[in-house]
Amino acid sequence: MMPESLYPRIEDLAIRIRSVHARAETETEEKQAQLMHTALRSLCKAVDNHKPIFGTEPWHPVNLEKNLGTPAEFLLRLPDENGNPLPAYNVIMAYYDSGLTEPIDTLLVLCALRQFRQSAERQVSINISARSLLSADFIKTFLSHLEKLRLDNQIREGVIIEIHESAPTLVMSKHVLSLFHRFGARFAIDDVELSLGDAFRFSEFDEIASFIKIDRKLVCAPPESPNSLPAALSFVRSVLPEAKIVAEGVQSVEQARELHEFYPEIDYMQGLHLPDRVTFRERWNETSSSPRLASNN
(Lines give C-alpha, C1' and ligand atoms only; values in the text may rest on other atoms or scores of the structure.)
Protein backbone atom coordinates (compact mmCIF):
# COMPACT_ATOMS: atom_id res chain seq x y z
CA MET A 1 0.00 0.00 0.00
CA MET A 2 1.63 3.22 -1.18
CA PRO A 3 1.34 6.40 0.95
CA GLU A 4 -0.38 8.16 -1.96
CA SER A 5 -3.43 5.92 -1.51
CA LEU A 6 -3.90 7.32 2.01
CA TYR A 7 -3.75 11.01 1.12
CA PRO A 8 -7.34 11.36 -0.25
CA ARG A 9 -8.71 9.97 3.01
CA ILE A 10 -6.42 12.21 5.06
CA GLU A 11 -7.55 15.28 3.12
CA ASP A 12 -11.23 14.28 3.38
CA LEU A 13 -10.85 13.87 7.14
CA ALA A 14 -9.08 17.24 7.39
CA ILE A 15 -12.04 18.90 5.63
CA ARG A 16 -14.48 17.24 8.02
CA ILE A 17 -12.45 18.37 11.03
CA ARG A 18 -12.46 21.96 9.76
CA SER A 19 -16.24 21.72 9.47
CA VAL A 20 -16.48 20.42 13.05
CA HIS A 21 -14.19 23.22 14.21
CA ALA A 22 -16.34 25.84 12.46
CA ARG A 23 -19.44 24.56 14.26
CA ALA A 24 -17.81 24.37 17.69
CA GLU A 25 -19.81 26.24 20.32
CA THR A 26 -18.02 25.27 23.53
CA GLU A 27 -14.45 25.25 24.76
CA THR A 28 -14.55 21.45 24.93
CA GLU A 29 -15.57 21.21 21.28
CA GLU A 30 -12.79 23.66 20.35
CA LYS A 31 -10.21 21.55 22.17
CA GLN A 32 -11.47 18.37 20.59
CA ALA A 33 -11.20 19.87 17.11
CA GLN A 34 -7.66 21.08 17.83
CA LEU A 35 -6.68 17.65 19.14
CA MET A 36 -8.05 15.99 16.00
CA HIS A 37 -6.11 18.47 13.82
CA THR A 38 -2.89 17.78 15.73
CA ALA A 39 -3.31 14.01 15.54
CA LEU A 40 -4.09 14.06 11.80
CA ARG A 41 -1.07 16.27 11.04
CA SER A 42 1.10 13.89 13.04
CA LEU A 43 -0.31 10.88 11.22
CA CYS A 44 0.24 12.53 7.82
CA LYS A 45 3.85 13.34 8.74
CA ALA A 46 4.44 9.72 9.73
CA VAL A 47 2.97 8.53 6.42
CA ASP A 48 5.17 11.01 4.51
CA ASN A 49 8.29 9.74 6.28
CA HIS A 50 7.32 6.04 6.18
CA LYS A 51 7.28 5.94 9.98
CA PRO A 52 5.10 3.60 12.08
CA ILE A 53 2.15 5.17 13.88
CA PHE A 54 1.45 2.19 16.13
CA GLY A 55 3.36 0.67 18.98
CA THR A 56 2.94 -3.01 19.78
CA GLU A 57 1.92 -4.69 23.02
CA PRO A 58 2.13 -8.49 22.92
CA TRP A 59 -0.38 -10.97 24.21
CA HIS A 60 1.64 -13.49 26.21
CA PRO A 61 0.39 -17.09 25.97
CA VAL A 62 0.70 -18.88 29.28
CA ASN A 63 0.26 -22.48 28.15
CA LEU A 64 2.63 -23.50 25.39
CA GLU A 65 1.11 -26.98 25.28
CA LYS A 66 -1.91 -25.44 23.56
CA ASN A 67 0.42 -24.16 20.82
CA LEU A 68 -1.11 -20.68 20.90
CA GLY A 69 0.20 -17.98 18.62
CA THR A 70 1.50 -14.71 20.01
CA PRO A 71 -0.61 -11.81 18.74
CA ALA A 72 0.42 -8.22 19.34
CA GLU A 73 -1.99 -5.33 19.77
CA PHE A 74 -1.40 -2.24 17.65
CA LEU A 75 -1.69 0.84 19.88
CA LEU A 76 -1.81 4.37 18.45
CA ARG A 77 1.41 6.27 19.18
CA LEU A 78 1.40 9.76 17.68
CA PRO A 79 3.58 12.66 18.88
CA ASP A 80 2.48 16.30 19.08
CA GLU A 81 4.46 19.23 17.64
CA ASN A 82 6.93 19.03 20.54
CA GLY A 83 7.46 15.29 20.26
CA ASN A 84 5.36 14.46 23.30
CA PRO A 85 2.94 11.51 22.95
CA LEU A 86 -0.66 12.41 22.25
CA PRO A 87 -3.19 10.68 24.55
CA ALA A 88 -4.49 7.96 22.23
CA TYR A 89 -7.80 7.46 24.04
CA ASN A 90 -8.59 11.19 24.01
CA VAL A 91 -7.72 11.41 20.31
CA ILE A 92 -10.00 8.53 19.34
CA MET A 93 -12.88 9.72 21.53
CA ALA A 94 -12.62 13.22 20.05
CA TYR A 95 -13.23 11.74 16.61
CA TYR A 96 -16.03 9.50 17.84
CA ASP A 97 -17.77 12.31 19.76
CA SER A 98 -17.62 14.47 16.64
CA GLY A 99 -19.36 11.90 14.46
CA LEU A 100 -16.18 10.86 12.63
CA THR A 101 -16.04 7.26 13.84
CA GLU A 102 -16.04 5.49 10.49
CA PRO A 103 -13.54 7.73 8.63
CA ILE A 104 -10.95 7.63 11.43
CA ASP A 105 -11.40 3.87 11.88
CA THR A 106 -10.97 3.31 8.14
CA LEU A 107 -7.85 5.45 7.96
CA LEU A 108 -6.29 3.81 11.03
CA VAL A 109 -7.07 0.32 9.72
CA LEU A 110 -5.36 1.15 6.42
CA CYS A 111 -2.32 2.46 8.30
CA ALA A 112 -2.31 -0.61 10.54
CA LEU A 113 -2.44 -3.05 7.62
CA ARG A 114 0.33 -1.08 5.92
CA GLN A 115 2.47 -1.33 9.05
CA PHE A 116 1.59 -5.02 9.40
CA ARG A 117 2.98 -5.65 5.92
CA GLN A 118 6.26 -3.98 6.89
CA SER A 119 6.62 -5.59 10.33
CA ALA A 120 7.83 -8.96 11.53
CA GLU A 121 4.59 -9.54 13.47
CA ARG A 122 2.66 -12.62 12.43
CA GLN A 123 -0.68 -11.70 14.00
CA VAL A 124 -1.93 -8.30 15.11
CA SER A 125 -5.07 -6.93 16.73
CA ILE A 126 -6.58 -3.61 15.64
CA ASN A 127 -9.14 -1.62 17.65
CA ILE A 128 -12.27 -0.37 15.91
CA SER A 129 -15.80 0.70 16.82
CA ALA A 130 -18.73 -1.65 16.28
CA ARG A 131 -20.38 1.22 14.41
CA SER A 132 -17.77 1.03 11.65
CA LEU A 133 -18.86 -2.53 10.88
CA LEU A 134 -22.14 -1.05 9.68
CA SER A 135 -20.42 1.14 7.07
CA ALA A 136 -20.34 -0.17 3.50
CA ASP A 137 -17.17 1.80 2.72
CA PHE A 138 -15.37 0.50 5.81
CA ILE A 139 -16.37 -3.12 5.07
CA LYS A 140 -15.41 -2.94 1.39
CA THR A 141 -12.09 -1.19 2.11
CA PHE A 142 -11.06 -3.49 4.95
CA LEU A 143 -11.98 -6.71 3.12
CA SER A 144 -10.26 -5.65 -0.10
CA HIS A 145 -6.99 -5.03 1.73
CA LEU A 146 -7.28 -8.29 3.66
CA GLU A 147 -7.65 -10.02 0.31
CA LYS A 148 -4.50 -8.27 -0.97
CA LEU A 149 -2.62 -9.51 2.08
CA ARG A 150 -3.85 -13.03 1.39
CA LEU A 151 -2.90 -12.94 -2.29
CA ASP A 152 0.56 -11.59 -1.42
CA ASN A 153 0.99 -14.32 1.22
CA GLN A 154 1.29 -11.65 3.90
CA ILE A 155 -1.78 -12.50 5.94
CA ARG A 156 0.48 -14.80 8.03
CA GLU A 157 -1.57 -15.88 11.03
CA GLY A 158 -4.24 -13.24 10.55
CA VAL A 159 -5.72 -10.02 11.83
CA ILE A 160 -7.78 -9.69 15.00
CA ILE A 161 -10.43 -6.98 15.12
CA GLU A 162 -10.95 -5.69 18.65
CA ILE A 163 -14.43 -4.31 19.28
CA HIS A 164 -13.77 -1.92 22.13
CA GLU A 165 -17.12 -0.24 22.79
CA SER A 166 -18.86 -1.03 26.04
CA ALA A 167 -22.14 -1.48 24.18
CA PRO A 168 -23.06 -1.84 20.51
CA THR A 169 -25.22 0.80 18.89
CA LEU A 170 -26.99 -1.35 16.31
CA VAL A 171 -27.49 -5.05 15.70
CA MET A 172 -24.58 -6.54 13.79
CA SER A 173 -25.11 -8.40 10.55
CA LYS A 174 -23.94 -11.98 11.03
CA HIS A 175 -23.39 -12.19 7.27
CA VAL A 176 -20.98 -9.25 7.36
CA LEU A 177 -19.13 -10.63 10.37
CA SER A 178 -18.82 -14.00 8.66
CA LEU A 179 -17.28 -12.29 5.64
CA PHE A 180 -14.45 -10.98 7.81
CA HIS A 181 -13.88 -14.50 9.08
CA ARG A 182 -13.66 -15.83 5.54
CA PHE A 183 -11.09 -13.17 4.66
CA GLY A 184 -8.78 -14.16 7.50
CA ALA A 185 -9.92 -11.84 10.31
CA ARG A 186 -11.15 -12.86 13.74
CA PHE A 187 -12.93 -10.88 16.42
CA ALA A 188 -12.06 -10.00 20.00
CA ILE A 189 -14.58 -8.44 22.37
CA ASP A 190 -12.55 -5.89 24.30
CA ASP A 191 -13.00 -4.30 27.75
CA VAL A 192 -15.39 -6.94 29.11
CA GLU A 193 -16.51 -6.01 32.62
CA LEU A 194 -19.88 -7.74 33.13
CA SER A 195 -22.06 -4.85 32.00
CA LEU A 196 -25.41 -5.05 30.22
CA GLY A 197 -23.61 -3.88 27.10
CA ASP A 198 -21.32 -6.91 27.30
CA ALA A 199 -24.34 -9.20 27.31
CA PHE A 200 -25.60 -7.53 24.12
CA ARG A 201 -22.17 -7.78 22.48
CA PHE A 202 -21.94 -11.47 23.35
CA SER A 203 -25.35 -12.11 21.83
CA GLU A 204 -24.45 -10.24 18.63
CA PHE A 205 -21.09 -11.91 18.09
CA ASP A 206 -22.21 -15.27 19.45
CA GLU A 207 -19.93 -17.95 17.96
CA ILE A 208 -17.98 -15.45 15.85
CA ALA A 209 -15.95 -14.00 18.74
CA SER A 210 -12.63 -15.86 18.98
CA PHE A 211 -11.24 -13.86 21.93
CA ILE A 212 -12.64 -12.25 25.05
CA LYS A 213 -10.50 -9.57 26.71
CA ILE A 214 -11.26 -9.12 30.40
CA ASP A 215 -10.95 -5.48 31.49
CA ARG A 216 -8.11 -4.62 33.86
CA LYS A 217 -10.59 -3.39 36.50
CA LEU A 218 -11.85 -6.96 36.87
CA VAL A 219 -8.43 -8.56 36.54
CA CYS A 220 -7.16 -6.50 39.48
CA ALA A 221 -10.40 -6.51 41.52
CA PRO A 222 -10.60 -8.39 44.85
CA PRO A 223 -12.11 -11.90 44.34
CA GLU A 224 -14.95 -11.11 46.75
CA SER A 225 -16.15 -8.03 44.82
CA PRO A 226 -19.40 -8.38 42.78
CA ASN A 227 -17.61 -7.64 39.49
CA SER A 228 -14.57 -9.85 39.93
CA LEU A 229 -12.38 -11.98 37.70
CA PRO A 230 -13.96 -15.29 38.84
CA ALA A 231 -17.43 -13.94 38.03
CA ALA A 232 -16.27 -12.73 34.60
CA LEU A 233 -14.60 -16.03 33.76
CA SER A 234 -17.69 -17.98 34.79
CA PHE A 235 -19.89 -15.72 32.66
CA VAL A 236 -17.64 -15.98 29.59
CA ARG A 237 -17.33 -19.74 29.82
CA SER A 238 -21.10 -20.17 30.14
CA VAL A 239 -21.84 -18.01 27.09
CA LEU A 240 -18.81 -18.44 24.81
CA PRO A 241 -17.10 -21.66 25.92
CA GLU A 242 -14.78 -21.88 22.89
CA ALA A 243 -13.41 -18.33 23.01
CA LYS A 244 -9.86 -17.77 24.21
CA ILE A 245 -9.54 -15.45 27.21
CA VAL A 246 -7.11 -12.54 27.54
CA ALA A 247 -6.46 -10.88 30.91
CA GLU A 248 -5.67 -7.19 30.42
CA GLY A 249 -3.81 -4.81 32.70
CA VAL A 250 -1.47 -7.41 34.22
CA GLN A 251 1.22 -5.52 36.09
CA SER A 252 4.11 -8.01 36.27
CA VAL A 253 5.28 -11.48 35.29
CA GLU A 254 4.80 -12.51 38.91
CA GLN A 255 1.16 -11.41 38.84
CA ALA A 256 0.69 -13.22 35.52
CA ARG A 257 2.06 -16.42 37.03
CA GLU A 258 -0.21 -16.13 40.07
CA LEU A 259 -3.25 -15.49 37.89
CA HIS A 260 -2.42 -18.60 35.88
CA GLU A 261 -2.10 -20.64 39.06
CA PHE A 262 -5.59 -19.64 40.23
CA TYR A 263 -7.28 -19.32 36.81
CA PRO A 264 -5.70 -21.74 34.33
CA GLU A 265 -8.53 -21.06 31.86
CA ILE A 266 -6.86 -17.73 30.99
CA ASP A 267 -5.02 -18.18 27.69
CA TYR A 268 -3.16 -14.87 27.38
CA MET A 269 -1.80 -12.14 29.65
CA GLN A 270 -1.42 -8.55 28.42
CA GLY A 271 -0.20 -5.41 30.14
CA LEU A 272 1.63 -2.19 29.51
CA HIS A 273 4.24 -3.02 32.15
CA LEU A 274 4.97 -6.55 30.97
CA PRO A 275 8.32 -7.07 29.17
CA ASP A 276 8.95 -8.28 25.63
CA ARG A 277 8.12 -11.86 24.68
CA VAL A 278 11.57 -13.35 25.28
CA THR A 279 12.05 -11.67 28.66
CA PHE A 280 8.51 -12.59 29.72
CA ARG A 281 9.09 -16.25 28.95
CA GLU A 282 12.46 -16.29 30.75
CA ARG A 283 11.02 -14.69 33.87
CA TRP A 284 7.92 -16.89 33.65
CA ASN A 285 10.10 -20.00 33.72
CA GLU A 286 12.17 -18.61 36.60
CA THR A 287 9.04 -17.80 38.59
CA SER A 288 7.37 -21.17 37.90
CA SER A 289 10.42 -23.01 39.20
CA SER A 290 10.69 -20.94 42.40
CA PRO A 291 10.38 -22.86 45.72
CA ARG A 292 7.24 -20.91 46.73
CA LEU A 293 5.26 -21.90 43.66
CA ALA A 294 6.69 -25.40 43.57
CA SER A 295 5.41 -25.95 47.12
CA ASN A 296 1.89 -24.87 46.05
CA ASN A 297 1.68 -27.45 43.26
Side-chain angles (χ1 to χ4, degrees), residues 1 5 52-76 105-130 132-135 138-165 172-192 201-202 204-214 236 240-248 266-270 274 276-278 280-281:
M1 185 191 310
S5 65
I53 69 168
F54 297 95
T56 56
E57 187 175 294
W59 301 8
H60 296 286
V62 295
N63 191 339
L64 295 181
E65 294 178 1
K66 292 184 179 180
N67 195 29
L68 298 176
T70 55
E73 182 175 354
F74 270 1
L75 299 171
L76 192 63
D105 274 357
T106 304
L107 180 57
L108 290 179
V109 159
L110 292 176
C111 289
L113 294 180
R114 177 170 173 260
Q115 187 170 325
F116 182 41
R117 280 179 175 268
Q118 299 167 350
S119 75
E121 298 292 341
R122 299 196 60 81
Q123 187 171 209
V124 296
S125 65
I126 305 169
N127 287 274
I128 68 163
S129 164
S132 293
L133 289 171
L134 301 171
S135 163
F138 178 88
I139 294 167
K140 180 180 178 181
T141 301
F142 202 159
L143 292 180
S144 67
H145 282 82
L146 286 177
E147 177 67 358
K148 289 178 183 177
L149 285 174
R150 187 188 67 80
L151 293 175
D152 294 342
N153 294 318
Q154 289 187 303
I155 193 66
R156 305 183 186 112
E157 294 174 15
V159 172
I160 299 167
I161 301 172
E162 289 197 26
I163 305 299
H164 54 71
E165 288 173 306
M172 298 287 100
S173 165
K174 291 294 179 67
H175 172 67
V176 170
L177 297 178
S178 297
L179 278 177
F180 278 92
H181 257 261
R182 285 166 49 193
F183 279 76
R186 287 178 289 171
F187 288 92
I189 301 179
D190 198 11
D191 303 325
V192 170
R201 287 195 293 172
F202 282 18
E204 288 188 336
F205 283 84
D206 196 13
E207 299 176 356
I208 295 175
S210 299
F211 305 94
I212 302 297
K213 304 189 74 175
I214 308 296
V236 170
L240 297 172
E242 301 301 320
K244 291 182 172 61
I245 296 176
V246 186
E248 295 191 288
I266 296 176
D267 299 288
Y268 295 94
M269 305 284 179
Q270 184 182 1
L274 294 180
D276 61 80
R277 293 184 178 101
V278 173
F280 180 91
R281 182 52 54 189

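Just so you know, these numbers use all the heavy atoms, side chains as well, and skip hydrogens, waters and symmetry mates. For clarity, every value in this text was computed on a predicted model and none was experimentally measured.
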Worksheet item: With a 4.5 Å limit on heavy-atom distance, are the side chains of Ile128 and Ile163 in contact?
Response: yes

Fill in: Non-neighbouring partners of Gln115 that pass side-chain contact (heavy atoms from CB on, under 4.5 Å), sequence neighbours left out
Pro52, Ile53, Phe54, Phe74

Item to complete: Sequence neighbours left out, what passes side chain to side chain donor-acceptor pair (under 3.5 Å) with Thr56? Give chain and number order.
Response: none

Practice prompt. Please name all residues satisfying side chain to side chain donor-acceptor pair (under 3.5 Å) with Asn127, sequence neighbours left out, ordered by chain then number.
Written response: Glu73

Discussion item. Restricting to non-hydrogen atoms, name the atom on Thr106 and the atom on Thr141 that form the minimum distance, rounded to 0.1 Å.
Written reply: CG2-CG2, 4.1 Å

Fill in: Note, Arg182 side chain near Leu143 side chain (heavy atom, < 4.5 Å)
no

Worksheet item: How far does OG of Ser5 sit from CZ of Arg114, to the nearest 0.5 angstrom?
Response: 8.0 Å

Worksheet item: Can you name the side-chain contact (heavy atoms from CB on, under 4.5 Å) partners of Ser132, sequence neighbours left out?
Response: Thr101, Glu102, Asp105, Ser129, Phe138

Discussion item. Parallel, tilted or perpendicular, judged at 30° and 60°: which one describes the rings of Phe180 and Phe142?
Written reply: perpendicular

Fill in: Smallest separation among heavy atoms of Arg122 and Phe116, with atom names
O-CZ, 3.7 Å

Worksheet item: Among all residues two or more places apart in sequence or in another chain, which pass the side chain to side chain donor-acceptor pair (under 3.5 Å) test with Ser210?
Response: none

Worksheet, complete the sentence: Rounded to the nearest 0.5 angstrom, the OG1-CD distance for Thr70 and Gln123 is 8.0 Å

Discussion item. Please report the interatomic distance CG(Leu108) to CG(Leu113), rounded to the nearest 0.5 Å.
Written reply: 11.0 Å

Worksheet item: Just by modelled atom types, is the Pro58 backbone N or O under 3.5 Å from a matching donor or acceptor in the Arg277 side chain?
Response: no

Worksheet entry | Nearest heavy atoms of Ala243 and Ala209, plus distance in Å | CB-O, 3.9 Å

Discussion item. If you compare all heavy atoms of Val62 against all heavy atoms of Ile266, which two are closest, and at what distance to 0.1 Å?
Written reply: CG2-O, 3.2 Å

Worksheet item: About how many Å separate CG of Leu274 and CE of Met269, when rounded to the nearest 0.5 Å?
Response: 9.0 Å

Worksheet item: Are any non-hydrogen side-chain atoms of Glu162 and Phe211 less than 4.5 angstrom apart?
Response: no

Worksheet item: Are side-chain heavy atoms of Glu147 and Leu151 found at a separation under 4.5 Å?
Response: yes

Worksheet item: Between Val109 and His145, is any pair of side-chain heavy atoms under 4.5 Å apart?
Response: no

Worksheet item: So how far is it from Ile126 CD1 to Leu75 CG, rounded to the nearest 0.5 Å?
Response: 11.5 Å

